[in-house]
Structures are given as C-alpha cells and as structure tokens.
Q: 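My questions all concern the structure below.
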Amino acid sequence: MVDLILSYRTLTKLNSTYLEALPKQIDLHTKRLHTSYHQAVTATGRLSSSNPNLQNIPIRSELGARIRGAFIAGKDRVIIAADYSQIELRIMAHISQDANLLNAFKNDQDVHSATASTMFQVAIDEVTKEQRRRAKAINFGLIYGMSAFGLAKQIDVSRTEAKEYIDAYFENYPGVAQYMEDTRESAKIQGYVETVMGRRLYLPQINAKNKMLQQHALRTAINAPMQGSSADIIKKAMLDVHDWIGSNNDDIKMIMQVHDELVFEVKADRVDEFAHKIQDLMENAYLLDIPLKVDVGTGSSWQEAH
DNA sequence: CTCAATAGCGCG
DNA sequence: AAAGCGCGCTATTGAG
C-alpha cells in the first residue's frame, strides 16, 4: 500500500507540474518556453526562476529524465550543458585551507571516495559503495551544517554511529572543523558572513535567545559562504561568457542557468569549438587555490547533454 | 470566485 | 521542540 501511494505521488507530481503545465506556457510567437530569472530574491545570491521554474526540471529519476529529454535544440542546433563539478566542496577546501581536502582536489580525486578512504582507513580503490554513500552524505551534510541526528536519519544508522562518523571526519579534516568553528564565532561577533567576493549575508538571529532561531542562523552561517560563493563564481562566468559571445553572434545563445550549470543552444557545426571555449571560461572565471572543474556535455536534447 | 496557509516534492 | 542549506509549483483546505 505504501509503495503504491509513493508511486502515485511521483506520477501525479510529474504529470501536473510538468507534463500538463509546461506546454500551456509555450510562447505563441517564439514557440518556446521563456522563464523569468530573478536577481534579488534569494538570501545567498543565487538566481531564482519562475513562470515557469526551469531550475527544477526533473532528471534524478528515469521517468524524470524523459521530461528533460523534451527540451530539444532547434534545427541545425545542439544543446551544450556545462556544469561545475563539486563547486561547493571546492570552495570549502579553498576557504578552510584544509590540507587533506585541498589535496584531494589537487589530485583530481573522486572527493566522496577520498573522504570515505580517509574516514574508514581503507585504500581509495577499495572503498565500498556503502562507504562512499555514507561519506557523500557527510560531505553534503557538512555544507548544510547538519547534526549527528540529521546524518543518522539520512543514512539510516544510529545517532551514536553518526556521531562517530562526524568525529572521524573532523579528526581527518581538522581544517574544516576549524573553519566551522571560526565561521560560527565570527558570525556571532560581526552579525554577518561573506562570500569569497566579499558579498555579505546578515544574520540578525545569530544571537537570538530562541535557540531554534539561533541554530537555524548558525546553519545558514555555515552554508551561505559556500552556496553564495558558488553563486558569485557562476555569475562572473556568465558575464565572461556574455562578453565573449558579443552582440552579434547568431551561432550561440546562453539559454539557461541552473545554479552550477549553464545551458547553451549552438550551431551544430561549431559545437566542439564552443564547448571547449565555454569550459575554459567557466573554469577560469575565478581563481581558487585549487582548480575549478567543469563537465561539458552535448546532445540534441538537454537530457542527452548530461 | 479569490486569497492565504500548508503539505509535499521537483531541482541544485 | 527541533534536528539539513537555497528555491518555486501544485493540490488541498478554509475563510470571505
């Protein structure tokens, strides 16, 4: 019964939010969907997208991916999708200057496997799938300021075990532990946190007596520099790409931004040339102490380009 | 019929 | 009592 309900929810969600809604919003003249991007909505500096929201088009499930497959290039055109690889964790390495994490990225390692290798004391090529899954949950959890309770719930282990994982992580990544402490402390004193480019997020609740509000502010303090710096960097990349394209190039259009990804529609016979240039511009949009890595894909649909 | 609040869920 | 950051959209419910 439970499985049937969950399956029903998935199907009705995809049907009502995408399959039924999107075709109604196709512009009569251009015959395309046009979203609105908003530059002054989010607390962290990301863009938001509405009417329709093109930043939440499905991809994670097989069925969802088929919906993304409906976003197709025009005649003689190809879609290029270019996304930053692990950009928030790279920013965490850069800001915290943790030697171990910097090293993982300098050597272009799979960061979740590298984390698992360190935490579970096994060689990186002997990390099991389950170990990698748990390390990945920790890496993401760190970015969000997650507690042992949250991690336990996420990976379905006891709270005690989750705490052991977190302790093991911080023992091996002391720079990250220090960064977390320092960030919380300076947020309390200054009342704000900031991105690599110096953009601030004020946190008026950071010293609130109400512990629930304060703890939320503390988690925001941890997350905002990483999510916000990522937003800064991709915005800089968009400006660089825009300048490179110039005002008179019908062979390439930047058509979407999805937080760590840029999507282009380009003339088919120039796709390789453009793909390389986009990758170069995005990877060099901002200099960190470790390389920025961009994965580029191409195809006749947005789905294929991933 | 509109409006607002809530639950739930799609994405990074 | 809550427990993981940031969004926007659909369906439902209740009020006017």
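Chain A is the first sequence line, chain B the second, and so forth, proteins listed ahead of strands; every chain is numbered from 1. None of the values given here were measured: they were computed from a predicted structure.
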Q: Within the distance-only criterion (no hydrogens, no angle test), does the side chain of Ser230(A) pair as donor or acceptor with the backbone N or O of Met226(A) below 3.5 angstrom?
A: no

Q: Between Asn139(A) and His112(A), is any side-chain donor less than 3.5 angstrom from a side-chain acceptor?
A: yes

Q: Counting any heavy atom closer than 4.0 Å, what does Ile222(A) reach on the DNA or RNA strands: base, sugar-phosphate only, or nothing?
A: nothing

Q: Counting primed atoms plus P, OP1 and OP2 as sugar-phosphate and everything else as base, spell out the protein contacts along nucleotides 5-14 of chain C at 4.0 Å heavy-atom distance: B, S or - for each nucleotide, 5' to 3'.
A: BBSBBSS---

Q: Quick one, Thr42(A) and Ser48(A) - any side-chain contact, counting heavy atoms below 4.5 Å?
A: yes

Q: Could you go step by step and tell me if Ser49(A) and Gln55(A) meet the side chain to side chain donor-acceptor pair (under 3.5 Å) rule?
A: CA-CA 6 Å; Ser49(A) 159; Gln55(A) 291 178 324; 4.7 Å; no

Q: Round to the nearest Å and state the distance from Ile57(A) atom CD1 to dG10(B) atom P.
A: 13 Å

Q: Under 4.0 angstrom, heavy atoms only, what part of the nucleic acid is Arg60(A) near: base, sugar-phosphate, or nothing?
A: base

Q: Answer yes or no: are there more than 12 heavy-atom neighbours, outside Glu171(A) itself, under 6.0 Å from its atom CD?
A: no

Q: Write out the stems for DNA chain C, ordered by first number and formatted as range with range, counting runs of at least 3 consecutive Watson-Crick or G-U wobble pairs under 3.5 Å.
A: B:1-12 with C:5-16

Q: Which nucleotide in the list dA2(C), dG10(B), dG12(B) gets nearest to the side chain of Pro58(A)?
A: dG10(B)

Q: Given side chains that start at C-beta, do those of Ile155(A) and Tyr165(A) come closer than 4.5 Å, heavy atoms only?
A: yes

